[in-house]
Amino acid sequence: MDRRENKRRAERVDGAERRNKLPSPASSLPTDPALYSGPFPFYRRPSELGCFSLDAQRQYHGDAQALRYYSPPPTNDQGPNFDLRDGYPDRYQPRDEEVQERLDHLLRWLLDHRGKLEGGPGWLAGAIVTWRGHLTKLLTTPYEQQEGWQLAASRFQGTLYLSEVETPAARAQRLARPPLLRELMYMGYKFEQYMCADKPGSSPDPSGEVNTNVAFCSVLRSRLGSHRLLFSGEVDCTDPRAASTQPPACYVELKTSKEMHRPGHWRSFYRHKLLKWWAQSFLLGVPNVVAGFRNPEGFVCSLKTFPTMEMFEYVRNDRDGWNPSVCMNFCAAFLSFAQNTVVQDDPRLVHLFSWEPGSPVTVSKHRDAPYAFLPMWYVEAVTRDLPLAPKTPSPKD
Ligand code: GDP
Ligand code: MG
């Protein structure tokens, strides 16, 4: 496609955005990368508003008790020799994936903190609230060729809430997950255990259980273009020796990947895996991803640090690579599309945005179960505190 055709397409998208401002919103959103290759949009450096933890029983705590400390092995000897299969399956407590938590833990945090948010009381009313993982899926959509997604959206007291819905295909895949894939998932968490300590000065203890109920989540504020964002993401650990002790700059993301031996393997790794790693860490402002490369026997024998801001360099000159501008421009366009589609303020009303690779994003409208996701305890607490109109005193008052 030549540049002029790109421009014409981009103008069509601009036109679609303008039409969105009129009463009848666009009914779908295209996802072709060529439509979103403009300059990189404004993205405010994410700042941490707070955090929470989930314990071994998946119970919420409004503190950093689940935060772990980056503790890599000494670099003087031959390098690591982590057996990622150790403890599987006898020391593995996997989280119950049948439990759909939706935005619940984040809403619990928000309920406790919404009165003291910086930006004043009006800030939240103009913001989008979601998980970082949902935004990651939006960022990678123009390049995704395998897995679709569904995002449920509700507007409540101005705020737009976005919560993922597991697609029927994703559910079927999860229920039929092959044993080898289950073990691979365990190995990713086991790597974290080899690399993290429970206290700043201490060493990792790989003898214990791997319990994936436990999570430390950072809550951040940012802005993409004109879209104010409040989102939360799970953070693997903090580096006590990081140049900046201020979150999220001290956070480290840990990943495992297959050991690679041919240039073609690396190319494919840069094109596919590094895109996902970049999107996830860039959104939250995590500066470094530490990868452990495992051999066919499941041992990590080498580590490599990938600075988030350098990941694009690996595909900058690759015709089949990804472009951060496309990811961020598409995300901004989706958020505009959602803002313009979800007009009615009603916590029981859901606009379900659906996407499958090769197609545009489409939308359908639903009320109450099964798609409504803002819990009654949240809606009632917020409604109690912020009545829309002052109540006239009743004779009993
Ligand atoms: P990520 O970027 O995909 O890891 O997702 P987030 O960092 O946004 O995580 C948000 C919350 O969802 C955290 O409490 C995670 O523990 C949880 N979470 C992460 N991955 C999954 C998943 O595959 N399924 C479910 N149900 N929850 C998940
Ligand atoms: Mg990780």
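Ligands are counted one by one from 1 in listed order, and the atoms in each one are counted from 1 as well. If you're wondering where the values come from, they're calculated on a predicted model, not measured in any experiment.
Contact shell of ligand 1 (protein heavy atoms, cutoff 4.0 Å): Leu54, Arg58, Arg95, Trp131, Arg132, Gly133, Cys217, Ser232, Gly233, Glu234, Gln280.
Restricting Asp236 to its N, O or S atoms, the one at the least distance from the Mg ion (ligand 2) is OD2.
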For Arg348 and Asp368: C-alpha separation, side-chain torsions, deciding distance, then whether salt bridge (Lys or Arg N to Asp or Glu O under 4.0 Å) applies. CA-CA 5 Å; Arg348 294 166 59 183; Asp368 297 328; 2.8 Å; yes

Stepwise, does the side chain to side chain contact (heavy atoms under 4.5 Å, CB included) test hold for Arg108 with Phe52? CA-CA 10 Å; Arg108 169 76 194 272; Phe52 59 87; over 6 Å; no

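Ring geometry, Phe191 versus Phe82: the interplanar angle falls from 30° to 60°, so the pair is classed tilted. The aromatic rings of Trp322 and Phe312 lie tilted to each other, with the angle between the two planes from 30° to 60°. Under the 30°/60° scheme for interplanar angles, the aromatic rings of Tyr161 and Phe156 are found to be tilted.
With 2.8 Å as the limit, Lys255 does not count as an N, O or S neighbour of the Mg ion (ligand 2). Distance check for Glu253 against the Mg ion (ligand 2): an N/O/S atom falls below 2.8 Å.
Counting non-hydrogen atoms of neighbouring residues, nucleotides and ligands closer than 6.0 angstrom, the CE atom of Met309 reaches no more than 12 such neighbours.
Side-chain contact check for Tyr371 and Gln150: no donor-acceptor pair (N or O, by modelled atom type) lies under 3.5 Å.
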